[in-house]
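Values in this document were obtained by computation on a predicted structure and should not be read as measured data.
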Amino acid sequence: SEEERRALAQGGVHAAALADACQSLPSRNQVAGAILDELFGMLVQFERDGITPFLAAWAGLDALRDRASRVLLGERWVVGRARGVDGEGALLLEIDGQMRKFNSGEVSLRLEGEAA
């Protein structure tokens, strides 16, 4: 809804609706089928080539990149600046000028200042 889009925009996220791009709306099944078709193709490529072919697209869509963020490790928050992901898919967080990688365990990532 327009109200939800405004709320997302206040958080720095710009959302679009299918109605913005389509003269007539596709059915949910058509949308789900298109997403699954694309996803299956990407999974085959990922299995064959790893994460490398996806890194540029990820960087261009990473809403947290270069923003103050925090990672929940167990019961403790680690605060730093999100710097994307590396060639192995590890989350990169710059903390006090040092780059840290997070690639295992339970992680919850939020923009700094957001409620837990």
Side-chain angles (χ1 to χ4, degrees):
S1 71
E2 196 58 43
E3 180 180 328
E4 291 168 326
R5 290 167 78 179
R6 278 193 298 276
L8 288 169
Q10 287 178 349
V13 176
H14 302 285
L18 281 176
D20 295 340
C22 301
Q23 289 182 329
S24 63
L25 292 178
S27 72
R28 283 184 277 196
N29 288 344
Q30 288 173 313
V31 173
I35 291 170
L36 288 172
D37 188 49
E38 186 69 21
L39 179 60
F40 289 143
M42 292 171 125
L43 287 172
V44 168
Q45 183 180 10
F46 183 82
E47 184 177 39
R48 184 185 62 232
D49 302 327
I51 196 171
T52 303
F54 301 95
L55 290 174
W58 176 274
L61 297 169
D62 186 355
L64 296 178
R65 186 172 186 91
D66 299 329
R67 296 179 74 176
S69 302
R70 56 193 175 132
V71 173
L72 179 62
L73 295 174
E75 296 188 18
R76 154 179 92 90
W77 286 101
V78 178
V79 178
R81 192 155 297 274
R83 297 298 189 201
V85 296
D86 70 5
E88 296 177 352
L91 169 68
L92 300 174
L93 194 68
E94 185 178 344
I95 303 167
D96 297 326
Q98 302 247 343
M99 199 65 67
R100 295 234 355 236
K101 295 181 181 187
F102 298 89
N103 57 12
S104 65
E106 256 190 66
V107 174
S108 175
L109 178 65
R110 292 191 167 61
L111 288 176
E112 180 60 8
E114 277 187 5

task: Kindly give the heavy-atom pair with the smallest separation between Ser27 and Gln30, and that separation in Å.
output: N-OE1, 2.8 Å
- request: Tell me who clusters with Leu43, hydrophobic residues only, linked when side chains sit under 4.5 Å apart either directly or through other members.
  value: Leu36, Leu39, Phe40
- prompt: Apart from Leu55 itself, what residues make up its hydrophobic cluster when side-chain heavy atoms of I, L, V, M, F, W and Y under 4.5 Å apart count as a link, directly or indirectly?
  reply: Met42, Phe46, Ile51, Phe54, Trp58, Val85
State which residues pass side-chain contact (heavy atoms from CB on, under 4.5 Å) with [X]; sequence neighbours excluded, sorted by chain then number.
X	value
Val31	Leu18, Pro26, Ile35
Ala90	Asp86, Lys101, Asn103
Asp96	none
Thr52	none

Reference residue Arg70; test side chain to side chain contact (heavy atoms under 4.5 Å, CB included); the match among Val78, Leu93, Val79: Val79
Exceeds 12 heavy-atom contacts within 6.0 angstrom, atom CZ of Arg28: no
Contacts of type salt bridge (charged side-chain N to carboxylate O under 4.0 Å, His left out), residue [X], not counting sequence neighbours:
X	result
Glu75	none
Arg5	Glu2, Asp20
Asp66	Arg83

ILVMFWY network linking Leu91 to Met99, side-chain heavy atoms under 4.5 angstrom: no
message: Count I, L, V, M, F, W, Y as connected when their side-chain heavy atoms are under 4.5 Å apart, and connections chain through other members. Are Leu92 and Ile95 then in the same cluster?
response: no
- request: Only pairs at least two apart or in different chains count here, so list each salt bridge (Lys or Arg N to Asp or Glu O under 4.0 Å) that has a residue in residues 29-41.
  value: none
